[in-house]
Amino acid sequence: MFLLLPGTTDILKSSLIIFVVGGPGCGKETQCKNMAIKYGFCHVGLGQLLRQEAQRSTHRGRQIRDIMMQGLLVPTGLILDMISKNMLSHPESRGFLIDGFPRELKQAKEFERIVGRAPDIVIAFDCSMQTMVRRVLHRGQVEHRAEDCEVVMFRHLATYYTLCEPVLTFYQQKNLLRNILAEEAPENIFAKCCSVIESLW
């Protein structure tokens, strides 16, 4: 069961919170790192948090590793626990870029229920399946990530496409969704991300 200590939600309510969503290999992590440096935000990379946890020889680590290798979703309670702990460990941050979250509608609704608010904006990276497959397989060769192989990649994509549409619709209805075409050169994508963020000032 996921719980936040009394008073801790105040930190989360007063900070700028930006969700960045998109399929595997669409460039979320790269762009979030650049935005974090430019604006002094804390980058909370869900994929990185999960990979770090999966490398630990704990029961939870083994559980997460098995789930990831099957291309399935890690349970919402574990996800929210990791994200909130990461955010609360940086109370000085002027904002949070949460990359790779939410991955399903249940996570989006649970975040709002616990924190008491929606994110300020949701950036969605639009990218073709061909581009994502090419990028992920290249990343797998360069960074030697076990999950960046063809079989796991297609499982991840199938899970993503099945679950992403309700999430995008949910935020579209709240007028929080901002779509960015992520097929262009990284600097062009970054410029578009900056325009979205600066529209919040």
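Note that these values count all heavy atoms, side chains included, but never hydrogens, waters or copies made by symmetry.
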| Backbone of Ile17 reached by a side-chain donor or acceptor of Asp120 within 3.5 Å |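 Yes, the answer is positive, given that a donor and an acceptor are paired below the 3.5 Å cut-off.
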| query | Is Arg135 reaching over with its side chain to a backbone N or O of Cys26, donor-acceptor style, under 3.5 angstrom? | reply |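 Here the side-chain-to-backbone pair exists.
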How many angstroms lie between [atom1] in [X] and [atom2] in [Y], if you round to the nearest 0.5 Å?
X: Arg134; Y: Ser128; atom1: CZ; atom2: OG; value: 7.5 Å
X: Ile37; Y: Met35; atom1: CD1; atom2: CE; value: 11.0 Å
X: Lys174; Y: Gln172; atom1: NZ; atom2: CD; value: 13.0 Å
X: Asp126; Y: Glu183; atom1: CG; atom2: CD; value: 9.0 Å
X: Arg139; Y: Met132; atom1: CZ; atom2: CE; value: 11.5 Å

Determine the sole option in [options] for which the side-chain contact (heavy atoms from CB on, under 4.5 Å) test with [X] is passed.
X: Leu72; options: Met68, Met69, Gln70; result: Gln70
X: His43; options: Asn86, Ile98, Asp99, Asn34; result: Asp99
X: Glu110; options: Ile79, Leu105, Leu80; result: Leu80

| What pairs with Glu184 under salt bridge (Lys or Arg N to Asp or Glu O under 4.0 Å), at least two apart in sequence or on another chain? | Lys192
For residues [X] and [Y]: do they belong to one hydrophobic cluster (side chain heavy atoms under 4.5 Å, members Ile, Leu, Val, Met, Phe, Trp, Tyr)?
X: Leu46; Y: Val136; value: no
X: Met153; Y: Ile64; value: no
X: Phe101; Y: Leu157; value: no
X: Val133; Y: Tyr161; value: yes
X: Ile67; Y: Tyr160; value: no

| Worked verdict on Arg94 versus Ser15 for side chain to side chain contact (heavy atoms under 4.5 Å, CB included) | CA-CA 6 Å; Arg94 59 184 296 216; Ser15 299; over 6 Å; no
[X] to [Y] - nearest heavy-atom pair and separation:
X: Leu168; Y: Ala124; result: CD2-CB, 4.0 Å
X: Leu97; Y: Cys32; result: CD1-O, 3.5 Å
X: His90; Y: Phe96; result: O-CZ, 3.5 Å
X: Lys28; Y: Gly22; result: NZ-O, 3.0 Å
X: Glu104; Y: Val167; result: C-CG2, 3.3 Å
X: Leu78; Y: Gln63; result: CD1-OE1, 4.0 Å

| Member of Phe19, Phe170, Tyr171 meeting the ring pair (Phe, Tyr, Trp, His ring centres under 6.0 Å) criterion with Phe111 |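 Exactly one option meets the ring pair (Phe, Tyr, Trp, His ring centres under 6.0 Å) with Phe111, and it is Phe19.
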| said: Within a 6.0 Å radius of atom CD on Glu150, are there more than 12 heavy atoms belonging to other residues, nucleotides or ligands? | reply: no
| task | Mind running side chain to side chain contact (heavy atoms under 4.5 Å, CB included) on Met82 and Arg60 for me, showing each step along the way? | result | CA-CA 12 Å; Met82 284 190 275; Arg60 184 158 94 163; 4.1 Å; yes
Between the side chains of [Y] and [X], is the shortest nitrogen-to-carboxylate-oxygen separation below 4.0 Å, so that they form an ion pair?
X: Asp66; Y: Arg62; result: no
X: Lys109; Y: Glu112; result: no
X: Arg51; Y: Glu143; result: no

| said: Could you check whether any side-chain heavy atom of Asp81 comes within less than 4.5 Å of a side-chain heavy atom of Lys85, counting everything from C-beta outward? | reply: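 Asp81 vs Lys85: side chains touch.
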Quick one: side chains of residues 193-201, donor-acceptor pairs under 3.5 Å with protein atoms, not counting sequence neighbours, listed by atom name and distance.
{"from": "Ser195", "atom 1": "OG", "to": "Ala191", "atom 2": "O", "distance (Å)": "3.2"}
{"from": "Glu198", "atom 1": "OE2", "to": "Tyr39", "atom 2": "OH", "distance (Å)": "2.5"}
{"from": "Ser199", "atom 1": "OG", "to": "Val196", "atom 2": "O", "distance (Å)": "2.5"}

